[in-house]
Amino acid sequence: MVPNQEIAELLRWYVAMGIDEAIGDTPQDRFAAPPPRPAAEAAAAVAVAAPDAPPRPTMAAPIPAAVLPISNNVASARRLAEEATTLEELEAIVAAFDGCALRRTATNSVFADGTPHAPVLIIGEAPGADEDRVGKPFVGRSGQLLDRMLAAIGLDRQRDTYITNILFWRPPGNRKPTDDEVAACLPFVMRIIALSKPRFVVLCGGTATSAVLGRHEGITKLRGRWFDLAVPGLDQPIPVLTTYHPSFLLRTPGRKSESWRDFLEIQSKLLSK
Ligand code: URA
């Protein structure tokens with residue numbers, strides 16, 4: 001019998017490693033040795049391997065896209081993203097995309113929420129545990145704060161905005177997205193902008209800002225500023241506003257007044273025709 005303290009320590013270690021959710025009722029040991037092969041099958045394998053047997057041509061096993069060099073995944077993401085002519089098509093392409101390894105550990109793909117073609121497109125970082133479970137962005141605590149901030153400037157999340165993230169799958173343990181993960185998802189994010197054609201985009205947090213704008217000065221320097229973004233497939237550049245991520249505000253409520261100024265910017269931009 002394992003003492004309770006050891007179990008508690010093991011669980012703490014799991015959580016520290018990002019394993020913070022049970023996704024099935026039955027435990028599965030993925031490191032266990034495979035079951036022994038039936039005798040006839042094993043004998044056939046030995047016969048094939050006999051030294052005087054002519055060598056058999058081997059067929060290369062398909063390589064999962066996520067282990068191909070990242071440039072291949074980015075190139076295929078670009079090609080697939082360009083093929084989509086509607087947001088529905090793009091959502092289906094993203095759900096089937098095999099070039100980001102996070103898809104393997106996620107429960108759901110998290111594409112977008114709100115009204116497609118709404119005037120404001122909000123882009124966050126990546127789904128967390130709640131979003132992964134539900135399959136929609138910003139439904140957890142930071143999403144609730146975002147909803148309240150939008151309501152404070154008279155906007156309804158479902159009616160007035162379209163919301164997505166830089167990544168479509170949850171990074172285990174909510175760790176920071178890697179550069180490769182961002183690179184593999186970015187073509188789809190740019191296509192969301194092109195297909196949803198918002199009046200402007202709001203980038204929440206440093207990850208979204210550096211991914212979309214390619215600026216790395218840090219969000220405290222960049223927040224509250226407007227940029228013009230050239231988007232493949234659109235004739236005109238799209239205005240982009242940078243602001244803090246709601247989860248940063250949950251941890252650092254003293255910064256809410258700066259965000260409030262950014263949200264007033266959103267409001268006045270919407271009122272100006
Ligand atoms: N944080 C994000 O950036 N996006 C979500 O969808 C949820 C939390």
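For the numbers below, each heavy atom of this structure counts, side chains included, while hydrogens, waters and symmetry mates do not. Whatever order the structure lists ligands and atoms in, that order sets their numbers, starting from 1.
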Contacts table for residues 136-151: side-chain donor-acceptor under 3.5 angstrom, sequence neighbours left out:
| from | atom 1 | to | atom 2 | distance (Å) |
| --- | --- | --- | --- | --- |
| D147 | OD1 | R157 | NH1 | 3.1 |

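Put simply, the side chain of W169 reaches to within 4.5 Å of the side chain of V94, judged on heavy atoms. Contact of the T207 side chain with the K176 side chain is registered, since non-hydrogen atoms from C-beta on lie closer than 4.5 Å.
Using modelled atom types, one finds no donor on one side chain facing an acceptor on the other under 3.5 Å when comparing E131 with N108.
Residues of the protein with a heavy atom under 4.0 Å from ligand 1 are G124, E125, A126, E131, P137, F138, S142, N165, H245, listed by chain and number.
V212 and V120 fall into different hydrophobic clusters, defined by Ile, Leu, Val, Met, Phe, Trp and Tyr side-chain heavy atoms under 4.5 Å apart, directly or through other members.
Within a 6.0 Å radius of NZ in K197, other residues, nucleotides and ligands contribute 12 heavy atoms or fewer.
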